[in-house]
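The structure appears below as C-alpha cells.
One-based numbering, in listed order, for ligands and for the atoms of each. The basis for the numbers below is simple: all heavy atoms, side chains too, and nothing from hydrogens, waters or symmetry mates. Owing to the predicted nature of the structure, the values given are computational and were not obtained by experimental measurement.
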Amino acid sequence: MAARSPSIIRRSLLYVPASSQKMLAKSLAIPSDNVTYDLEDSVTPSLKSAARDQLRSHLTNLGSGTRAFGELAVRINAVSTSHALQDLTSLVASPNLDAVVVPKVESAADLTFVTDVLRHTAPERHQPSSGNAIKIIALIESARAIMNLGEICKATPQLSGLIFAAEDFALDLSLTRTPSLREFLYARSAIVTAARAASLPSSIDLVCTSFRGEPGLKTLADECEDGKALGFNGKQCIHPSQLDVVHRLFSPSDRELEWAARILVANEKAVHQGRGAWTMDGSMIDAPVIGKAAAIAERATKCGIQMGKVLEKWSHQEPE
Ligand code: COA
Ligand code: MG
C-alpha cells in the first residue's frame with residue numbers, strides 16, 4: 001500500500017486577497033491549517049503589480065514573528081498569463097513561504113514551468129530531499145486537467161496536493177452548479193482517486209460560497225460531509241467564519257474515534273488469539289476494516305486529538 005504523508009494536515013485552505021492590506025494583517029491571527037495569499041482571481045488586473053509588492057513586504061516583515069495558521073502559501077497567476085513568472089521570482093525567495101498554489105494547471109508542462117523557475121530562483125528550496133523544499137499544490141479546474149490528471153500527478157516530486165475549483169470548471173464545461181453538486185461528481189472523484197494513487201498528502205474540495213449566518217454554515221456543513229464521503233481531506237475557504245465547521249467535519253468525529261478505538265483494541269487481542277477475522281457488534285472485522293480504523297487514529301493524531309486517551313477508554317473491548 002502507498003505510504004501516507006506523516007505530517008501535513010490541510011483540512012482548511014483559506015484564501016486571503018493579497019491586495020487587501022487589512023486582510024493580510026488579519027490573517028496572522030487566523031488558525032487555518034493553510035493560509036493562501038491570493039494574487040489570482042481576487043486581485044483585479046490593474047492591482048496585480050501593487051498586490052505582489054504588498055505581499056512581498058508582508059512576507060518579509062513576517063520574519064520569525066508569530067502566526068496562528070500552519071502552512072503559508074501563495075496562489076500565483078496561471079502560468080499562461082504574463083504575471084506568473086514575476087509572481088514566482090518576486091516571492092519564492094521568502095523563507096516564510098511553504099507552498100505555491102498553481103491555478104489552472106492543464107498539463108504536466110505547467111508544473112514543469114514552475115519547478116524550473118524554482119530551480120533557478122531558489123535552488124536551495126527546490127530539492128525535495130532537502131526537507132526544506134517549497135511544495136506545489138495544483139488547482140484542477142478544466143476538462144483538460146481532468147483528462148491529464150495522471151501526468152499532472154507525476155510532473156514533480158514537489159507536488160503535495162490537488163484542489164478542485166468548481167466555478168472555473170463549471171465555466172469550462174458550461175454547466176450550472178446545483179446544491180447537490182451532482183454535476184461535479186465525476187471530476188471530484190477523479191481528483192481524489194488520482195491524488196491517492198500518487199500518494200499526495202491532500203486533496204482539497206471546492207469553495208462553499210456561503211459563509212454568513214446559520215443557513216450559510218448549514219450549506220457549508222452539508223458540502224463538507226459530501227466532500228469527506230467522496231475522499232477529500234480538506235476544503236478551500238474564503239472567510240474565517242468557515243473554519244470551525246471545516247475543521248470539525250474534516251477531523252474524525254467522536255463516533256469515528258470510538259469505532260476506531262474499539263476495533264484497534266479488540267484487534268490486538270484477536271491477533272494474540274490468532275484470529276484474522278472476527279466480529280464486533282455483529283459485523284465482520286478483517287484487514288481492510290482494521291486498516292481504516294488505523295487511518296482514522298493516524299488522522300486524529302494529526303488533528304491534535306489525543307488518541308491514546310480514546311484507546312485507554314476502550315481498553316476493555318474484546319473481539320466477539
Ligand atoms: N482573510 C482574512 N480576513 C478576512 C477574510 C479573509 N479571507 N474574509 C474576511 N475577513 C475579515 C474582514 O476583513 C473583516 O475584518 P474586520 O472585522 O476587521 O472588518 C472580517 O473578516 C469580517 O468580514 P466580513 O465583513 O464578514 O466580510 P467582507 O464583506 O469584508 O468580505 C469576502 C467578504 C468574501 C469579500 C471576503 O471574505 C474575501 O475577500 N474572501 C476571499 C476571497 C478570495 O480570495 N477569493 C478567491 C479564491 S476563491
Ligand atoms: Mg479558478
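- Checked against a 3.5 angstrom limit, the closest N/O atoms of Lys22 and ligand 1 fall inside it.
- The distance criterion of under 3.5 Å between nitrogen or oxygen atoms is met by Lys26 with respect to ligand 1.
- For the pair Lys218 and Asp222, the salt-bridge criterion is met [side-chain N within less than 4.0 Å of a carboxylate O].
- When Ala165, Ser42, Ala29 are ranked by how near their heavy atoms come to atom 43 (C) of ligand 1, first place goes to Ser42.
- Of all atoms in ligand 1, listed by their number and element, those nearer than 4.0 Å to a heavy atom of Arg75 are 46 (C), 47 (C).
- Ionic pairing of Lys104 and Asp41 is present here: one or more N-O contacts between side-chain nitrogen and carboxylate oxygen are shorter than 4.0 angstrom.
- Contact annotation for atom 32 (C) of ligand 1: protein absent (non-hydrogen atoms, distance under 4.0 Å).
- Between His58 and Tyr37, the ring-plane angle classifies as perpendicular under the 30° and 60° cut-offs.
- Heavy-atom contacts from other residues, nucleotides or ligands closer than 6.0 Å to CD of Gln306 number 12 or fewer.
- At least one heavy atom of Ile30 sits closer than 4.0 Å to an atom of ligand 1.
- In this structure, the protein non-hydrogen atom closest to atom 8 (N) of ligand 1 is Pro240 CD, 3.5 Å.
- Within the 4.0 angstrom cut-off, atom 35 (C) of ligand 1 has no protein heavy-atom neighbours.
- For ligand 1 and Phe211, the ligand atoms under 4.0 Å from any heavy atom of the residue are 33 (C), 34 (C).
- When distances to the Mg ion (ligand 2) are checked against a cut-off of 2.8 Å, Asp168 contributes an N, O or S atom below that limit.
- Under a 4.0 Å criterion applied to the non-hydrogen atoms of Ile238, ligand 1 contributes the atoms 6 (C), 7 (N), 8 (N), 37 (O), 38 (C), 40 (N), 41 (C), 48 (S).
- For ligand 1, the atoms sitting less than 4.0 Å from at least one non-hydrogen atom of Asp38 are 46 (C), numbered in the order shown with element in parentheses.
- With hydrogens left out, the protein atom closest to atom 24 (P) of ligand 1 is His239 NE2, 3.4 Å, a heavy atom.
- Under the 4.0 Å criterion applied to side-chain N and carboxylate O atoms, Glu256 and Arg299 are not assigned as salt-bridge partners.
- Considering only residues two or more places apart in sequence or on other chains, Phe113 meets the ring-ring contact (aromatic ring centres under 6.0 Å, His included) condition with none of them.
- For Glu141, the nearest N, O or S atom to the Mg ion (ligand 2) falls under 2.8 Å.
- Among protein heavy atoms, atom 29 (O) of ligand 1 sits closest to Arg212 NH2, 3.3 Å.
- No more than 12 heavy-atom neighbours from other residues, nucleotides or ligands sit within 6.0 angstrom of CD on Glu268.
- A donor-acceptor contact closer than 3.5 angstrom links the side chains of Asp38 and Ser42.
- Annotation for Lys269: atom NZ counts as buried by contact number, over 12 foreign heavy atoms lying within 6.0 Å.
- With respect to Asp98 and Arg67, a salt bridge is recorded, a charged nitrogen being found less than 4.0 Å from a carboxylate O.
- The proximity of Cys237 to ligand 1, defined as any non-hydrogen pair under 4.0 Å, does not occur for either the backbone or the side chain.
- Protein heavy atom nearest atom 39 (O) of ligand 1, with residue, atom name and distance: Pro17 CG, 3.5 Å.
- Counting protein heavy atoms only, atom 44 (O) of ligand 1 is closest to Tyr15 CB, 3.3 Å.
- The closest protein non-hydrogen atom to atom 4 (C) of ligand 1 is Met23 SD, 3.6 Å.
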